[in-house]
Each structure stands twice: as structure tokens, then as C-alpha cells.
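One-based numbering, in listed order, for ligands and for the atoms of each. Residue indices begin at 1 and follow the sequence shown. Here the structure is a predicted model, which is why all the values come from computation and not from measurement.
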Amino acid sequence: MANSFAYPTIKERLPVILAKIADTLYRTRDKIKSQYQEDVSEELKSIIGSCSKLRNEVQTNKVAVPLQDSRNDTQVWNRYLQAATEREGSPPSWFKSAWLYMECYMYRRIQESVEKCNIMKEFDVFGEQKEKSFTDSVYPTEIVMMHLLETQQKIKENAELVPEAFKLFLKVCLWGNKCDLSISGGEDNAQKSSPLEQLGKLEPNILINDSNVVLNHLCSRNCKRIDIVLDNAGFELISDLCFAEFLLSAGLCSTIYLHAKAFPWFVSDVTKKDFDWTLQMLGQINHIAVSNFAQVWKERLNNSSWILQVDDFWTLPYDYSQMETYAPDLYQSLQKSDMIFFKGDLNYRKLLGDLRWPFTTSFETCLRGFYPAPLCVLRTSKSDVLVGLPEGRDEEVKAQDEDWLVNGNWGVINACLKTK
Ligand SMILES: O=P(O)(O)OC[C@@]1(O)O[C@H](CO)[C@@H](O)[C@@H]1O
Ligand SMILES: [Mn+2]
């Protein structure tokens with residue numbers, strides 16, 4: 001682990017994230033207390049205490065212990081831990097065991113501290129950071145939504161403009177993934193400048209661009225359903241919703257399924273609460289395009305052209321090759337999709353099993369049989385797994401940018417379309 005990105009993550013980033021929870025909750029304790037009718041002092045203290053204890057466990061390389069709350073996924077997590085313990089001969093620990101598992105386990109342990117509460121059961125320890133990341137990106141939100149409104153007008157008059165517009169919104173959606181609060185250790189990482197102006201400059205940083213293949217696929221059939229497995233709240237969610245809106249208004253499908261997390265995850269991932277909050281906030285912004293879409297999107301949820309789905313599988317430690325076994329209902333539902341877009345780094349790691357594949361391995365090989373439907377990943381690179389590159393490309397990029405794999409400045413639009 002010492003020479004991978006896992007090491008600095010576990011040594012520095014995760015303890016910082018945990019310390020930040022404790023600091024934020026302590027600093028904003030009066031505000032938090034005022035949101036409840038009953039006295040939550042003791043529960044708040046207990047959440048802060050649990051996160052500080054967890055931080056100490058990480059830093060001193062303690063072993064993972066079974067969860068003790070009554071959430072409906074607790075037994076699944078504990079069985080996983082038991083199986084890992086039997087396999088490894090001792091319980092997993094922070095610096096020795098699989099990074100993907102330990103990191104997921106940390107977020108589930110944070111949730112345990114909230115689940116144990118009576119009054120604060122629904123509390124989101126990352127809520128404040130996510131809200132700030134939304135409010136900090138109002139300017140780019142307005143720019144992208146204005147562009148979407150204008151694009152909708154133009155494609156109504158001239159359908160030939162659809163391919164270019166599709167590629168543009170796909171790229172905005174890709175780079176939206178730069179704004180995640182886990183990579184920045186919870187520090188401000190919002191999109192502040194115009195995302196449209198950045199597209200040209202970032203074009204050479206798209207290492208794999210299958211947008212033509214994806215578009216041809218969508219145009220070559222009468223697509224009904226597209227799925228987007230969401231990643232982060234804030235500007236990334238805005239970019240996803242704009243892409244979803246574009247797909248519908250361009251007639252590329254009739255229903256979009258949006259997949260959110262069941263509880264706060266990897267600092268900035270979207271939960272249903274974040275999703276609802278975001279739509280509500282958009283409705284309060286005084287801007288012609290933003291107000292328009294706030295209204296349209298409310299209607300889309302009402303008439304089910306957008307369907308928001310939450311499934312516990314997204315917050316379990318399994319990789320996606322294990323979905324068919326452990327979440328057969330979700331897998332069967334995804335099989336009905338015409339195209340699934342997976343957003344972000346963690347989804348990418350789970351698609352690849354977080355294994356160190358040679359850079360030139362094909363994406364399809366790395367999926368190890370996971371193929372509920374045609375799929376495409378939109379991911380900026382923030383961990384050291386990356387596949388599908390031509391021979392020698394990794395060396396070229398590394399010579400240009402030493403941290404290319406982990407700094408979020410390089411991205412892939414990588415599709416897997418098997419002809420059935
Ligand atoms: O999935 P996202 O939001 O794009 O990124 C999540 C992330 O920041 O967290 C993990 C490391 O802590 C990595 O998977 C990645 O670097
Ligand atoms: Mn994320």
C-alpha cells in the first residue's frame with residue numbers, strides 16, 4: 001500500500017475528514033441544536049466522540065470492528081467483515097487491508113454514530129459542506145443552465161445541432177466530477193469559473209473519449225430509459241441534471257433514472273435529502289434559466305420522466321461485479337436501461353474492482369462480467385486505477401503531469417457497448 005494513493009489517503013486525508021466533522025459539529029452546535037424541538041446535546045456529543053474515536057482507530061491502525069446499530073444493512077456489513085477476517089486470517093485493519101473496503105467502512109462507521117441516535121437519526125454530518133459547495137457554485141450553475149435553455153431553443157429549430165450539444169453537456173458532466181469534497185479533505189472545492197470556457201482548455205485532458213460511440217448508440221435505437229448513477233452534490237449534481245434534461249429534450253430517451261446514496265457517503269455524494277434540497281434552492285434563485293429549470297424539474301419528478309432511486313447497494317463495500325449476487329433486484333432493474341452513466345472516481349474503482357490493472361487492459365475485461373446494459377463512465381481521475389489506454393500513453397501523460405492519476409485534471413468518457 002505504501003507506494004499507492006491509498007497510503008496518503010488513509011494516513012492523511014481520512015483523519016482530516018474525521019477531524020473536520022468533529023470541528024464543524026462543535027463549532028455549529030448551537031445552530032444544530034436549534035433545528036430540533038428536543039435537546040440534542042447528548043446525541044451531538046456522542047456523534048463528535050465517535051468520530052474522534054474513529055480517527056484514533058485509523059491513525060493507530062486498529063482492526064475493523066463489527067457495526068452495532070440497527071440499520072437494515074448492518075448484518076450485511078458484519079458478514080462481509082467476518083468473511084474478510086476468515087480469508088485474511090485476522091480482521092482487516094486500516095493500513096494493511098483493501099483500501100476500497102476500509103474507506104467504505106469508515107463512512108459506514110460515521111453513519112453508525114448517527115444511527116445510534118434517537119432524535120438525530122437523519123442528521124448529515126457533511127450537510128454544511130455540501131450546502132456551501134452548492135452556494136459557492138451559483139455562478140457556473142447560472143451559466144450552464146442559460147446555455148441549456150438557449151440550446152433547447154436552437155435544437156427545436158435545427159435538430160442537426162444535437163450531436164455537438166450532446167458532446168458539450170457530456171463534457172460539462174464529466175468535468176463536474178472535479179468538484180468532490182472527499183479528494184480535498186472536505187476543503188472548499190466548488191466550481192467557481194465558467195465551466196463552458198474551461199472545456200476547450202481541458203479537451204486534451206480527456207484520455208479516452210467514447211462520446212461518438214455513445215451518441216451513435218443512443219441515436220440508433222428508440223431509447224426509452226437512461227440511468228445516471230450520481231456522484232457528488234454541488235456543481236456536479238447540477239451538471240448531471242443539465243445532462244439529464246438535455247437527453248430528454250433532445251428526444252434521446254423518455255425516462256431518466258437517477259441513483260442516489262442511502263446515507264452520507266464520501267463527504268459529498270448525493271443523498272435524497274441533498275437532491276430535494278438542491279431543487280428547492282434552485283427555485284429560490286432569481287435567474288431566468290435557473291427558475292425555469294427548477295420548475296421543469298419539479299414537474300419531471302411529478303410526471304416520472306425523472307425517477308430518483310435509492311438503493312443500499314451503492315453504500316455497501318461490494319464492487320460491481322458482485323451486484324448480480326448481492327443486489328439482484330437492482331441488477332435486474334438496470335438491465336432494463338438503454339444506457340447507464342456511472343459518475344466519478346469511486347464508481348470507477350468499483351467497476352474495476354479497484355484492482356491495479358495494466359493501463360492498457362480493456363475496460364470490458366476489467367468489468368469482469370458486470371454488464372447489466374450498455375454503460376459509460378464519466379470520471380476524472382482521483383485514484384491510481386486507469387485502463388483502456390494505448391501503449392505508452394501513461395508515460396507521455398506522466399511526463400507532462402506527475403500527478404495525473406490523482407489530481408482530477410484528467411478524465412475519461414469510457415463506454416462498454418457489447419452487441420447482444
Ligand atoms: O467518487 P468521487 O467523488 O469522484 O471521488 C472520491 C474520492 O475523492 O474519494 C476516494 C479517495 O478518498 C477516491 O475514490 C476519490 O479520490
Ligand atoms: Mn463522490
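A donor-acceptor pair under 3.5 Å is absent between the side-chain atoms of Ser133 and the main chain of Gln129, judged by distance alone.
At a threshold of 4.0 Å, the pair Lys272-Asp276 counts as salt-bridged, since one of the basic side-chain nitrogens sits closer than that to a carboxylate oxygen. Under 4.0 Å is where a charged nitrogen must lie from a carboxylate oxygen, and between Asp274 and Lys261 no such pair does. Under the 4.0 Å criterion applied to side-chain N and carboxylate O atoms, Glu103 and Arg349 are assigned as salt-bridge partners. Under a 4.0 Å N-O distance rule, the pair Lys130/Asp269 does not qualify as a salt bridge. Salt bridge absent: Arg27 and Asp23 never bring a charged side-chain N and a carboxylate O closer than 4.0 Å. Ion pairing between a basic and an acidic side chain is recognised when a charged N comes within 4.0 Å of a carboxylate O; Arg108 and Asp69 show such pairing.
The Mn ion (ligand 2) has no N, O or S atom of Asp345 closer than 2.8 Å. The Mn ion (ligand 2) does not have Ser268 among its coordinating residues (no N/O/S atom, backbone or side chain, under 2.8 Å).
When each atom of ligand 1 is checked for a heavy atom of Asn177 under 4.0 Å away, the hits are 4 (O). Of all atoms in ligand 1, numbered sequentially from 1 with element shown, those under 4.0 Å from a heavy atom of Lys382 are 2 (P), 3 (O), 4 (O), 5 (O), 15 (C), 16 (O).
Between Asn347 and ligand 1, a contact under 3.5 Å exists for no N or O pair. Inclusion of Thr9 in the set of residues having an N or O under 3.5 Å from an N or O of ligand 1 is not warranted. Between Ser383 and ligand 1, no pair of N/O atoms sits closer than 3.5 Å. Inclusion of Leu14 in the set of residues having an N or O under 3.5 Å from an N or O of ligand 1 is not warranted.
If you look at Asn232 next to ligand 1, the close heavy atoms, those under 4.0 Å, all belong to the side chain. Only side-chain heavy atoms of Asp231 come within less than 4.0 Å of ligand 1; its backbone N, CA, C and O stay farther off. Neither the backbone nor the side chain of Lys343 comes within 4.0 Å of ligand 1, counting heavy atoms alone. Using a 4.0 Å cut-off between heavy atoms, Trp99 contacts ligand 1 through its side chain alone, with no backbone atom that close. Only the side chain of Arg349 comes within contact range of ligand 1, with a heavy atom under 4.0 Å; no backbone atom does.
Closest to the Mn ion (ligand 2) among the N, O or S atoms of Asp269 is OD1. The atom of Asp231 nearest to the Mn ion (ligand 2) is OD1, with the search restricted to N, O or S atoms.
In this structure, CG on Asn232 lies 9.5 Å from CG on Leu346, to the nearest 0.5 angstrom. Rounding to the nearest 0.5 angstrom, the gap separating the CD1 atom in Ile21 from the CG atom in Leu25 is 7.0 Å.
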